[in-house]
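See structure below.
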2 protein chains.
Amino acid sequence: MKNRETNQRSIILEELRKVTTHPTASDIYEMVKKVLPRVGLATVYRNLDFLEKKGEIIRLKFNFQKSRYDGNIEGHAHLVCKCCGKVTDIFDVADIKIKSEQLRNSGFKPTLEFIEIPGLCKKCNKIYR
Amino acid sequence: MKNRETNQRSIILEELRKVTTHPTASDIYEMVKKVLPRVGLATVYRNLDFLEKKGEIIRLKFNFQKSRYDGNIEGHAHLVCKCCGKVTDIFDVADIKIKSEQLRNSGFKPTLEFIEIPGLCKKCNKIYR
DNA sequence: CTCAGTGCAAACGATTTGCAGGGCC
DNA sequence: GGCCCTGCAAATCGTTTGCACTGAG
């Protein structure tokens, strides 16, 4: 009786799965509009929220003003250049180790698959060397 | 000739240094208003931006809608509970190790001091166990 | 048939900006 | 005295919401 499989919802997910970029809601809106010209932006937002809650997609936060979305839910991390904003996916982080007694004592359970690692990309690092 | 040391700017920094919470811009606005009743919210925003660019404070991104700020620039990480939103400071992360060939090959230089680690806090982890 | 989902437009809330006046250097 | 900074108000922009309608189950 709940969670209906609408055309809009499946196409939004489908379009997001297609790309390896990390589009914003309006990017996705534009992508979906090519398939469903009458779709509304609010529908895109509502479905992105829905899909995130379901764990089908990931909402990224590296950009302050607008959210970005990732249709790839294979556990992976993001490298985010603080200088140029470039985002790189890293898939082989199964074994990130954090050595911190405070962390161990806190009882906090990290979800390292979705971590966003700030830093400087190769290009920007050269400039600032 | 540039970067004047105004009363507003130093009080904003001073107030932010005092607390160990991670206040939003309006939280800081309220704090500063107690000292400078005629201060404007825009001034707070402009100075927070300024101070962040100068590296005097850190702008945190764990909250989607509004930015939070940290006056403690001693290298430390944040544990962010995805469930209840609780944020915990971790100071002994000098030796976070990330074992990733992709990362090594990418030439990306991580700034691990400012990393935000998602996960579940002790309390929420129990609930979801 | 029912009600979750949609499209549209208006509302919202955090942040930014234009502008005239103020005060640091 | 120059011009960076401020306070105020209005503007901006991403996101959310109210509402009547639609279509999936």
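The basis for the numbers below is simple: all heavy atoms, side chains too, and nothing from hydrogens, waters or symmetry mates. Labels below follow one simple rule: chain letters A, B, ... track the order of the sequence lines, proteins then strands, and each chain is numbered from 1.
Asn125(A) places no side-chain N or O within donor-acceptor distance of the main-chain N or O of Cys121(A), the cut-off being under 3.5 Å. Side-chain atoms of Glu116(B) come within 3.5 Å of backbone N or O of Phe62(B) as a donor-acceptor pair. Formation of a donor-acceptor pair under 3.5 Å by the Lys122(A) side chain with backbone atoms of Phe108(B) is not found in this model.
A donor atom on one side chain and an acceptor atom on the other are found under 3.5 Å apart for Asp89(B) and His22(B). Thr24(A) and Arg68(A) form no side-chain donor-acceptor contact under 3.5 Å, judged by distance and modelled atom types alone.
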Handout entry: DNA chain C base-pair string [pairs: Watson-Crick or G-U under 3.5 Å; |: paired with another strand]
Key = |||||||||||||||||||||||||
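Taking atom CZ of Arg38(B) as the reference point, atom C1' of dG23(C) lies 14 Å away to the nearest angstrom. Separating the CZ atom of Phe64(B) from the P atom of dC13(D) is a distance of 22 Å, rounded to the nearest angstrom. Glu30(A) places its CD atom 12 Å from the P atom of dG14(D), with the value rounded to the nearest Å. In this structure, the CG atom of Asn63(B) is 10 Å from the P atom of dA14(C), given to the nearest Å. When the C1' atom of dA4(C) is taken as reference, atom NZ of Lys53(A) falls 15 Å away, rounded to whole Å. Atom CG of Leu51(B) and atom P of dC5(D) are 11 Å apart (whole Å). Atom P of nucleotide dG5(C) and atom CG of Leu48(A) are separated by 14 Å, given to the nearest angstrom.
Between Leu60(B) atom CG and His78(B) atom NE2 the span is 4.5 Å, to the nearest 0.5 Å. For the atom pair CD1 of Ile58(A) and OG of Ser67(A), the computed distance is 13.0 Å after rounding to the nearest 0.5 Å. Of the inter-residue distances, the one linking Leu13(B) atom CG with Ile28(B) atom CD1 reads 10.0 Å to the nearest 0.5 angstrom.
Taking a 4.0 Å limit (strictly below) on heavy-atom distances, residues 8-17 of chain B does not reach DNA chain C anywhere.
Between Arg17(A) and Glu14(A) there is no salt bridge, since no side-chain N of the basic residue sits under 4.0 Å from a carboxylate O of the acidic one.
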Practice task
Given side chain to side chain donor-acceptor pair (under 3.5 Å), test Asp70(B) with His76(B) step by step and report yes or no.
Solution key: CA-CA 11 Å; Asp70(B) 192 332; His76(B) 66 287; 3.0 Å; yes
All N/O pairs under 3.5 Å across the protein-nucleotides 15-19 of chain C interface:
from, atom 1, to, atom 2, distance (Å)
dT15(C), OP1, Ser67(B), N, 2.8
dT15(C), OP1, Ser67(B), OG, 3.4
dT15(C), OP2, Tyr45(B), OH, 2.3
dT15(C), O5', Tyr45(B), OH, 3.3
dT15(C), O3', Gln65(A), NE2, 3.1
dT16(C), OP2, Asp49(B), OD2, 3.4
dG18(C), O6, Arg46(B), NH1, 3.4

Any N/O pairs under 3.5 Å between the protein and nucleotides 21-24 of chain D? List them or say none.
from, atom 1, to, atom 2, distance (Å)
dG23(D), N2, Arg4(A), NH1, 2.3

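In the hydrophobic cluster analysis, where Ile, Leu, Val, Met, Phe, Trp and Tyr join through side-chain heavy atoms closer than 4.5 angstrom, Phe114(A) is grouped apart from Leu112(A).
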Let me have the donor-acceptor pairs involving side chains of residues 32-42 of chain B, under 3.5 Å, with sequence neighbours excluded, atom names and distances please.
none

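Through direct or indirect side-chain contacts shorter than 4.5 Å among Ile, Leu, Val, Met, Phe, Trp and Tyr, Phe64(A) is connected to no other residue.
Remark: Asn3(A) is not in phosphate contact with dG25(D), judged by side-chain N or O atoms under 4.0 Å from OP1 or OP2.
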